[in-house]
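First up is the structure itself, then whatever we jot down about it.
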Amino acid sequence: MWEEKVYKQNLHLSPIGGIKLACFLNKGVGVLTARRTLPHFTLVYVTRGEGTYRDENGLNLPVRAGDAILIFPGVEHWYGPKRGETWDEFYLVFEGPVFDMWREGGCFDRDRPVIPLRPMDFWRDRILSIINQPDAHTEHELLRESIRLQELLADITQAGEEDLGGDIAWLERAKAAIAATMDVRQAARQMDQSYEAFRKRFRKLSGRSPGRYRTGLLMERACQMLSEPGVLLRDISDELGFCDEYHFSRQFSKTVGWSPSEYRSRIGRDPVQFDDLGSQSG
């Protein structure tokens, strides 16, 4: 019944720990066994549907789309949608000494395993920014991945305790500034920040660099123009600021996965969609 997409699977972790497995589950039915105990931490983020979480500590909590569930090693638990229904979820399996220290130090609240994380688009993209990274192979890459996961968990554990609305509002203004100017440095000046500070904050909040976001906007406009009859590649490259058709076609193929001519032949059969961060989906 369910469909699962594996984003990441690490056979080796950094010395301090990290992500073992990260997946998206479509039309999932939750935990099928009445009681389950895991040897590792698991973070579940529900993006569609509603249900319940229960554990050995006597907690019986409602869960709905936009809620995260933080499951502790060794804790008997059950969670899932209502009987006969399904939900969609991301889940991350992680372990290591650093996360054991977080638990022992009280950074994880065992009395608060269900954490509201909204708006959903914001948190979905935060999670995707971690699990969509290229697979880590070296110890240095594994360590960086572990640090990104810790940053995400730190924000999650503080959700509801401090207002993240300021960050979300800032990101929306930053996106609007880039869309209006199509110049990242000019957008940074409009936001009264240095380019480097603007770039770092944008990347932290969205999971993508502002340059990549700008490229996504350009490619979205290119797709619109390619769907219009009689528009030449030269016209598109000129309007979008590319030095020539070759550089435009190369960037389009790199971003969309098809050449401009291939995209034109697919229009109406397999359209490309871009999310609000400029990444291809579908």
Side-chain angles (χ1 to χ4, degrees), residues 1-4 6-8 13 16-124 126-128 130-131 146 149-165:
M1 179 162 187
W2 50 266
E3 304 170 18
E4 188 170 40
V6 177
Y7 282 87
K8 187 176 295 291
L13 303 181
I16 64 174
I19 299 173
K20 289 178 64 68
L21 181 67
C23 298
F24 174 73
L25 197 59
N26 183 42
K27 298 181 180 179
V29 294
V31 179
L32 295 176
T33 56
R35 298 176 177 178
R36 183 175 73 163
T37 302
L38 300 175
H40 40 248
F41 293 95
T42 301
L43 176 70
V44 178
Y45 187 55
V46 178
T47 58
R48 181 189 63 81
E50 58 183 28
T52 307
Y53 168 86
R54 300 193 296 269
D55 67 22
E56 64 182 31
N57 299 313
L59 294 175
N60 189 336
L61 303 172
V63 178
R64 63 190 181 97
D67 287 346
I69 307 171
L70 183 58
I71 299 162
F72 292 84
V75 174
E76 193 175 85
H77 66 277
W78 178 92
Y79 64 84
K82 298 177 180 179
R83 184 180 296 275
E85 298 183 5
T86 65
W87 70 19
D88 297 344
E89 66 179 68
F90 288 99
Y91 68 88
L92 282 72
V93 176
F94 60 98
E95 64 179 24
V98 68
F99 304 112
D100 294 335
M101 291 174 60
W102 277 47
R103 177 176 54 178
E104 292 164 7
C107 297
F108 294 143
D109 186 353
R110 292 185 61 167
D111 295 328
R112 190 174 173 247
V114 178
I115 308 169
L117 298 179
R118 299 180 185 86
M120 195 185 308
D121 288 350
F122 174 82
W123 287 103
R124 179 205 62 200
R126 283 296 311 275
I127 294 170
L128 281 171
I130 304 295
I131 65 179
S146 178
L149 175 60
Q150 290 178 64
E151 291 174 345
L152 172 67
L153 292 171
D155 286 344
I156 287 175
T157 56
Q158 294 172 13
E161 298 176 10
E162 64 178 30
D163 183 13
L164 291 178

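Just so we're clear, the structure is a prediction, and the values are computed from it rather than from any experiment.
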### Task
Measure the spacing between CZ of Arg54 and CG of Leu59 and express it to the nearest 0.5 Å.
11.5 Å
### Message
Donor-acceptor check, side chain of Asp55 to backbone of Glu76, threshold 3.5 angstrom: yes or no?
### Response
no
### Query
Relative to the ring of Phe72, is the ring of Phe108 parallel (under 30°), tilted (30 to 60°) or perpendicular (over 60°)?
perpendicular
### Task
Taking the side chain as every heavy atom from C-beta outward, state whether Leu152 and Ile127 have any pair of such atoms under 4.5 Å apart.
yes
### Query
Closest heavy-atom contact between Arg110 and Val75?
NH2-CG2, 3.3 Å
### Query
Between Phe90 and Tyr45, is the gap from one ring center to the other below 6.0 Å?
no
### Query
Do Phe24 and Ile131 have side chains that get closer than 4.5 Å, going by heavy atoms?
no
#### Entry: Closest contact, heavy atoms only, Leu149 versus Gly18
CD2-C, 4.3 Å
### Min side-chain heavy-atom separation Pro73-Arg103 under 4.5 Å
yes
#### Entry: Gap between atom CG of Asp111 and atom CG of Leu61 - 0.5 Å precision
10.0 Å
### Summary
Shortest non-hydrogen pair, Pro81 vs Gly28, comes out as CG-O, 3.7 Å
#### Entry: Phe41 side chain near Asp100 side chain, heavy-atom distance below 4.5 Å
yes
### Message
With heavy-atom distances below 4.5 Å as the criterion, would you say the side chains of Val63 and Tyr79 are in contact?
### Response
no
### Query
How long is the span from the OG1 atom in Thr37 to the NE2 atom in His77, to the nearest 0.5 Å?
7.5 Å
#### Entry: Closest heavy-atom pair and its distance - Phe99, Ser146
CZ-OG, 4.3 Å
#### Entry: Student check: side-chain heavy atoms of Glu89 and Ile69 closer than 4.5 Å
no
### Query
Between Trp78 and Val31, is there a donor-acceptor pair closer than 3.5 Å when you use the side chain of the first and the backbone of the second?
yes
### Query
Closest approach of Ile156 and Leu43, non-hydrogen atoms and distance?
CD1-CD2, 3.7 Å
### Thr86-Arg48 side chain donor-acceptor pair, cut-off 3.5 Å
yes
### Message
By the side chain to side chain donor-acceptor pair (under 3.5 Å) test, which pairs, at least two apart or in different chains, include something from residues 56-67?
### Response
Asp67-Arg118
### Query
NZ of Lys20 to OG1 of Thr42: how many Å apart, nearest 0.5 Å?
10.5 Å
### Query
Quick check: are there more than 12 heavy atoms from other residues, nucleotides or ligands sitting under 6.0 Å from CZ of Arg36?
yes
### Query
Do you know the tightest heavy-atom contact between Ile19 and Phe94?
CA-CB, 4.2 Å
